[in-house]
2 protein chains.
Amino acid sequence: MDYKFRCNCPITSALDILGDKWILVIIKQMLIEDKKTFKDFIESDESIAASILASKLKCLEELEIITKTQLPDNKKSNIYLLTEKGLALTPIIVELSIWSDENVRELNSIMRESPEIAIMKSDKNTFIQMIKDNYKTKTAIFS
Amino acid sequence: MDYKFRCNCPITSALDILGDKWILVIIKQMLIEDKKTFKDFIESDESIAASILASKLKCLEELEIITKTQLPDNKKSNIYLLTEKGLALTPIIVELSIWSDENVRELNSIMRESPEIAIMKSDKNTFIQMIKDNYKTKTAIFS
DNA sequence: TTAATTACTTTTAAATTAAAAGTAAAAATG
DNA sequence: CATTTTTACTTTTAATTTAAAAGTAATTAA
């Protein structure tokens, strides 16, 4: 895997990986919507195409942002899980939530309300830690 | 301007706007590299094509993330400036920096060191406020 | 034992991105 | 004051990416 980076800027380099329509959506689905299998992602609200999903998952696995594993009692379903590198994207997801709530809501009339947005803003660090701990607890059975 | 949003998720909706290869790069160039004119962006390290730059700037202006103004003494150069909505993206830029420093550096051998990364991590809120204040001070003469 | 499910891949079409060249107005230069 | 250069784009065409649809193969359920 030879990633081509545009220049020596750390922010631009992060966006060389994360800056597209799907990567952070997939991370979000794993982190806060419990999506784990190919089918889970295919069936979610954003309706990603199978070909794109396959290529993005491969990319994320190569970058070690996610892992792909199988359960001993099921040879059919693959389980995709966030690594520490993937979990470390939580603060970015939280900041996207906050910016969106304050600045995108007015443009998207169907946007859902997040009851947790107030606590998210008032105590960001606690909220980020909660999301991460929650994810680890829920996925512990798979590792 | 009718933006098409994929679904009712706030995070996905934010990414419907920000999730591409260029938008956040342009914001970063304005926020921390003092880029203001079409020429400034064209000449920067990321080497964006003129046609793409024009379309992204128009898009950002329509979304009221940036404004386009002229100086009374120069009818040639247009000055692009971040609005409050654009400045509110600072926390996202900072989190991208931190994630990149910790997780992308190993993949991009030419990535530049940021001496400010330590203070950025130790006191995020102060750093974010500093970047925003700094931007406002530097651009005050244009408004 | 057959049908359904899961996880893809392949094919083809549509849309986006990129590179290059071109244009027009303003400003600088001789 | 005329010419050149600069700035800010637009247009054209090519390449790449994204998307939709259909197809395949292994596994599991009926």
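Protein chains get the first letters and strands the later ones, always in sequence-line order, with residue 1 at the start of each.
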Separation of [N] [atom2] from [X] [atom1] (nearest whole Å):
X       : N      : atom1 : atom2 : answer
B/Glu46 : C/dA18 : CD    : P     : 12 Å
B/Ile42 : D/dA8  : CD1   : C1'   : 9 Å
A/Ile48 : D/dT17 : CD1   : P     : 16 Å
B/Lys21 : C/dA18 : NZ    : C1'   : 8 Å
B/Ile79 : D/dA8  : CD1   : C1'   : 12 Å
A/Phe38 : D/dA25 : CZ    : C1'   : 14 Å
A/Leu53 : D/dT17 : CG    : C1'   : 16 Å
A/Leu57 : D/dT18 : CG    : C1'   : 16 Å

When you compare the side chains of [X] and [Y], does any donor N or O come within less than 3.5 Å of an acceptor on the partner?
X        : Y        : result
B/Gln129 : B/Asn125 : no
A/Ser44  : A/Lys35  : no
B/Asp40  : B/Thr37  : yes
B/Thr12  : A/Glu46  : yes
A/Gln70  : A/Asn74  : no

Regarding C/dA7, can its base be found pairing with the side chain of A/Thr37 as donor and acceptor, where the two atoms are less than 3.5 Å apart?
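It does not, because no donor-acceptor pair links the side chain of A/Thr37 to the base of C/dA7 below 3.5 Å.
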Side chain of [X], heavy atoms from C-beta onward: which of [options] has the nearest atom to it?
X       : options               : value
A/Ala49 : C/dA7, D/dA19, D/dT27 : D/dA19
B/Ile52 : D/dC9, C/dT9, C/dT17  : C/dT17
B/Ser51 : C/dA7, C/dA19, D/dA20 : C/dA19

[X] vs [N]: side-chain N/O to OP1/OP2 distance below 4.0 Å:
X       : N      : value
B/Ser77 : D/dT6  : no
B/Asn78 : D/dT7  : no
B/Tyr80 : D/dT7  : no
B/Lys68 : D/dA8  : no
A/Asn74 : D/dT28 : yes
B/Lys39 : D/dT7  : yes
B/Lys36 : D/dT7  : no
A/Trp22 : D/dT17 : no
A/Lys76 : D/dA29 : no

Quick check on DNA chain D: between A/Asp73 and A/Lys56, whose nearest nucleotide comes earlier from the 5' end?
A/Lys56
Reckon B/Lys58 touches a base, only the sugar-phosphate, or nothing at all at heavy-atom distances under 4.0 Å?
nothing
Return yes if some donor-acceptor pair links the side-chain N/O of A/Asp101 with the main-chain N/O of A/Ser97 below 3.5 Å, else return no.
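No: the side chain of A/Asp101 does not pair with the backbone of A/Ser97.
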